[in-house]
Visitor: 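Please find one structure pasted underneath; my questions will follow.
All chains are named by letter (A, B, ...) in the order of the sequence lines, taking the proteins before the strands, and each is independently numbered beginning at 1. Predicted model, so just to flag it, every value in this text is computed and none were measured.
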Amino acid sequence: MSQDRLPVRDLEDDLAAAFRENSRLILEAPTGSGKSTQVPQILLEQGFCREGEVVILQPRRLAARMLASRVARERGVALGDEVGYQIRFDRKASARTRIRFVTEGILLRQIMDTPGLPGVAAILFDEFHERHLFGDLTLARAVQVQEERRPDLKLAVMSATLDRTAIEAYLSPCRTLRSEGRTYPVETGYLLPSAKPHQHPPWELAARELDRLVREGTEGDALVFMPGAYEIQRTLRAIEGCGSLKSFAAFPLYGDLPPNAQDAALAPCDRRKIVVATNVAETSLTIDGIRIVVDSGLARTARFDPHRGINTLLVEKISRASADQRTGRAGRTAPGHCLRLWTQDDHLHRPAAELPEIKRLDLAETVLTLKNSGIDNLETFPWVEAPEPVALERAQRLLRELGALEAGSGRLTETGRAMAAFPVHPRYSRMLIAAREYGCVPEIALIAALTQTRDLLERRVGERTEARRDDRLGEETESDFFAQIRAWNHAAKHRFSVDECREVGVHAGVARQTAQVYRHFLGIARNTDPDTKEHRAPSEAVRRCLLLGFSDQVARRAARGTAQYEMVHGRRGALARDSVVRDAPLLVASEVREVQTGGRGSEVAVRLGLATAVAESWLEELFPGDCRTERVVRFDPSTRRVVGEEQRFFRDLVLHTKPVEEPPLEEAAFLLADEVLAGRCPLKHWDYAVEQWIARLNRLAAWMPELELPPIAPDDRKALIEQIVYGARGYKEIKDRPVLPTVKGWLAPEQEALLDHYAPQTVALPRGRKVKIVYSESEPPVLSARVQDLYDLEENIRIADGRVELLVHVLAPNQRPVQITSDIAEFWKTSYPSIKKQLQGRYPKHEWR
DNA sequence: GAGCACTGC
């Protein structure tokens, strides 16, 4: 096969020379330079592979396979002979292989298992700018290996765009070479500030601007980038409404789309076409014939918040590098156009590149992998870019909790070593270890496998599919995993038949991949424990294992009939809508994720997914040291009384509460509650509060000896109580005071009526919570309400930034989030004078209109 | 009135 000489071939001699002088190299070469296919061949031709193979790291499986077969074809050899590839569950390579394309996880495992890398002469890190976690780790480890025992090992970092100064410093001493690309020019435009892009939803802007480009005569097919499936659907609808675009064929394209729908978007089309896509089209998939790119500049980005220990998936602005990558999609076959739906000024304020994964993902698996290969000191490990200390600390804490690391030394335990054999998040490997004792290894292996692939169950299926699901799979309420297991078993029974899977809304391809991972996990488990049998374990055993893996994500339902749950570590969230676990007072969530809600994504909420119902007795059984009972004094806003309670805790989570008949030391309880509620004593536990009081009074006695306060011994509660109860403020006065005044008394009767009218049908909270109603002085005035969780006595009314805020105590009968958007102009007219009058007294300095 | 980008062992 004849072919044009690729630009990177011009560097042939430089490359060889650089590698003879130096063991490290940076190659900056854009799309179309031929670096992925030619550089390995150059090394082979120049004699670098006499001692071993050249390994090329690829971020994607498909790319590894395609590149391998292209190079094999160019060299006229059979795939798997001189040229091969290796990805998970698929290897076409042999002892004769000299050029091997691999994915990142494969090489990471290899370098961790056999650090000397026998038989490897060179490693090329392709597409390194994507900065995947495994790629980063592999490079760092390779550099370490090269320095410690393999000075002959050649390393090259290849990329289209790189933050070169940083990587040069990291690899120093190293040579840097640059090559030309082979793409067509793309004319790139921005919106003008007068277009006010942030005031319009991206789908409107995209349809409008695409319409304009087409009317102006721009040629070729169009690719529109949107952050997710929802925005894609809106864009398609908006395009339908555009006159000039009527003759186009429009397709959605995103990862969760069934394969045939994806193929439809990629296939040639007899009309001009518009593909509306997510980030899949930025790197993973190429669409022929694209000459117009319209970019919303947005993407959903996954992060792990190490402070709260939850994953987030929120719409964010993409970086400049990512925008350039998207732009390049318009110039692959001919000169093209790109329109960015943001202003040039906005562009300049965007980050140069995406944050590397190591800076934004959960590092538990990373830390376990490193520790397992004898890297104990994570601070001296040569990170390409060091992770956040808090993220490392969070990862180590989880590993300690799972029993993988020793509490004091931080060294790997026996359990930890066994866990590291499983290529999966340590939570699941811990469960796989526990499953041996519980006799449910197959179930846990399947559960772990299910989390490693895309979602097995199609989301938002119609009623008929739902009915067939119920009919053929049976009903499941104990765990979302059990529902998935049923679905997978059903698919397996029908040999992953696409038709049967479609009937019940199961992705057949996903089910098939899950089967491979499942068998792999089962194999590893059998290696270490040959007695592992396949049988049906009781549901309880499996659920106990899940509890072991996710004990820090135990959640208790806030109230009957709500989807709101309180979690360990003071977190809270709402159970996923499609969860089968209904009515469970106690559950463990295997997925905790913050997502955007509301039309413009203005609000965020934590969703608890992959839920499993658990029993309270299991907590006592598995974590006896984390369960305890405490006596608590609490203010009950619905009765406005302080009550004494006995609370049962799992760590910091209250499992249930039992009223104590006569609150102990009731008088003091009132006082303490008052202190707590007024925010002067931010405590809720009785004993702790008393201790605080003792400390405070002792301090006071030391500072102000003239008061002649007698010192109080820590156990002298009686003396303390007396001081509090008969102290200067007076017990009676506090006891009789209405602790939580509502704003109602301050309003005119008609205003009260209006509040009454709105509140019962609009407010979103369990009984007794407060709602914050905000009156804005904008034109027209806006009245909106939002949840206020704090019982804030002082802040019933206040002014901030020209807005008047009232806190209103409302009892809410339903659970729905609320936005009051009724016509309130009239209400404002009548109520403002009265509110103003109230406020003038309180805030004399404010200027009132 | 609503919930979900992309990979990899």
Visitor: Given B:dG1, B:dG3, B:dT7, which nucleotide is nearest the side-chain atoms of A:Val280?
Guide: B:dT7
Visitor: Check for a donor-acceptor pair, side chain of A:Arg417 on one end and backbone N or O of A:Leu412 on the other, with a separation under 3.5 Å.
Guide: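 Checked: no pair found.
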Visitor: Base, sugar-phosphate, or nothing for A:Thr103, non-hydrogen atoms under 4.0 angstrom?
Guide: sugar-phosphate
Visitor: Side chain of A:Arg469, backbone of A:Gly505: donor and acceptor closer than 3.5 Å?
Guide: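 At least one qualifying donor-acceptor pair exists.
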Visitor: Using a 4.0 Å heavy-atom cut-off across all strands, classify A:Leu313 as base, sugar-phosphate, or nothing.
Guide: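 Counting heavy atoms under 4.0 Å across all strands, the contact made by A:Leu313 includes a base.
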Visitor: Given atom CG of A:Asn311 and atom P of B:dA5, what is their separation to the nearest angstrom?
Guide: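 Whole-Å distance recorded here is 15 Å.
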Visitor: How long is the line joining CZ of A:Arg109 and P of B:dG8, in whole Å?
Guide: 16 Å
Visitor: Tell me whether the OP1 or OP2 atom of B:dT7 has a side-chain N or O from A:Arg454 closer than 4.0 Å.
Guide: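 For A:Arg454, the contact criterion (side-chain N or O under 4.0 Å from OP1 or OP2 of B:dT7) is met.
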Visitor: Quick one: label A:Arg577 by what it contacts on the DNA or RNA (base, sugar-phosphate, nothing), any heavy atom closer than 4.0 Å.
Guide: base
Visitor: Of the nucleotides B:dT7, B:dC9, B:dA5, which one has an atom closest to the side chain of A:Arg300?
Guide: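 Between B:dT7, B:dC9, B:dA5, the one nearest the side chain of A:Arg300 would be B:dA5.
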Visitor: How close or far is atom P of B:dT7 from atom CD of A:Gln325, stated in whole angstroms?
Guide: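 Value for this atom pair: 14 Å.
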Visitor: Determine the contact category for A:Arg61: base if any of its heavy atoms lies under 4.0 Å from a base atom, sugar-phosphate if only primed atoms, P, OP1 or OP2 are that close, otherwise nothing.
Guide: sugar-phosphate
Visitor: Which residue lies toward the 5' end of DNA chain B, A:Arg88 or A:Ala299, if each is placed at its nearest nucleotide?
Guide: A:Ala299
Visitor: Looking only at the side chain of A:Asp578 (C-beta and beyond, no hydrogens), which of the listed nucleotides B:dC4, B:dG8, B:dC6 gets closest?
Guide: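 Comparing B:dC4, B:dG8, B:dC6 against the side chain of A:Asp578, the answer is B:dC4.
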Visitor: Nearest to the side chain of A:Ile87, heavy atoms from C-beta on, is which of B:dC4, B:dC9, B:dG3?
Guide: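 Of the options given, the side chain of A:Ile87 lies nearest B:dC9.
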Visitor: Taking the six-membered ring for Trp, are the ring centroids of A:Tyr230 and A:Trp203 within less than 6.0 Å of each other?
Guide: yes
Visitor: Under 4.0 Å, counting only non-hydrogen atoms across every strand here, what does A:Glu365 touch: a base, just sugar-phosphate, or nothing?
Guide: base
Visitor: Please give, in whole Å, the distance from B:dG3 P to A:Leu608 CG?
Guide: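 For the pair A:Leu608 CG and B:dG3 P, the rounded distance is 13 Å.
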Visitor: Quickly work out the A:Phe125 CZ to B:dT7 C1' distance and round it to whole Å.
Guide: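 Atom CZ in A:Phe125 sits about 17 Å away from atom C1' in B:dT7.
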Visitor: What's A:Tyr254 touching, base or sugar-phosphate or nothing? Going by heavy atoms closer than 4.0 Å.
Guide: sugar-phosphate
Visitor: Is the backbone of A:Arg427 close enough, under 3.5 Å, to the side chain of A:His425 for a donor and an acceptor to pair up by distance?
Guide: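 Yes, the answer is positive, given that a donor and an acceptor are paired below the 3.5 Å cut-off.
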Visitor: Could you give the CD-to-C1' distance, from A:Glu591 to B:dG3, as a whole number of Å?
Guide: 11 Å
Visitor: Starting at the 5' end of DNA chain B and moving along, which residue's nearest nucleotide shows up first, A:Arg234 or A:Val424?
Guide: A:Arg234
Visitor: Is the shortest side-chain N to carboxylate O distance from A:Arg60 to A:Glu127 below 4.0 Å?
Guide: no
Visitor: Among B:dC4, B:dG8, B:dC6, find the nucleotide with the atom closest to the side chain of A:Arg60.
Guide: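 The answer is B:dG8.
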Visitor: Base, sugar-phosphate or nothing for A:Ala605? Non-hydrogen atoms, less than 4.0 Å.
Guide: nothing
Visitor: Does the A:Ser296 side chain pair with the main chain of A:Phe225, one donor and one acceptor, at a distance under 3.5 Å?
Guide: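 A pair under 3.5 Å: yes.
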Visitor: Within the 4.0 Å heavy-atom criterion, would you say A:Ser284 contacts the bases, only the backbone, or no part of the nucleic acid?
Guide: sugar-phosphate
Visitor: In whole angstroms, how far is the P atom of B:dC6 from the CD atom of A:Gln452?
Guide: 17 Å
Visitor: Quick one: A:Asp256 CG to B:dC4 P, roughly how many Å, whole number?
Guide: 11 Å
Visitor: Using a heavy-atom cut-off of 4.0 Å across all strands, would you classify A:Leu107 as base, sugar-phosphate, or nothing?
Guide: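 If one applies the 4.0 Å heavy-atom cut-off, A:Leu107 turns out to touch nothing in the nucleic acid.
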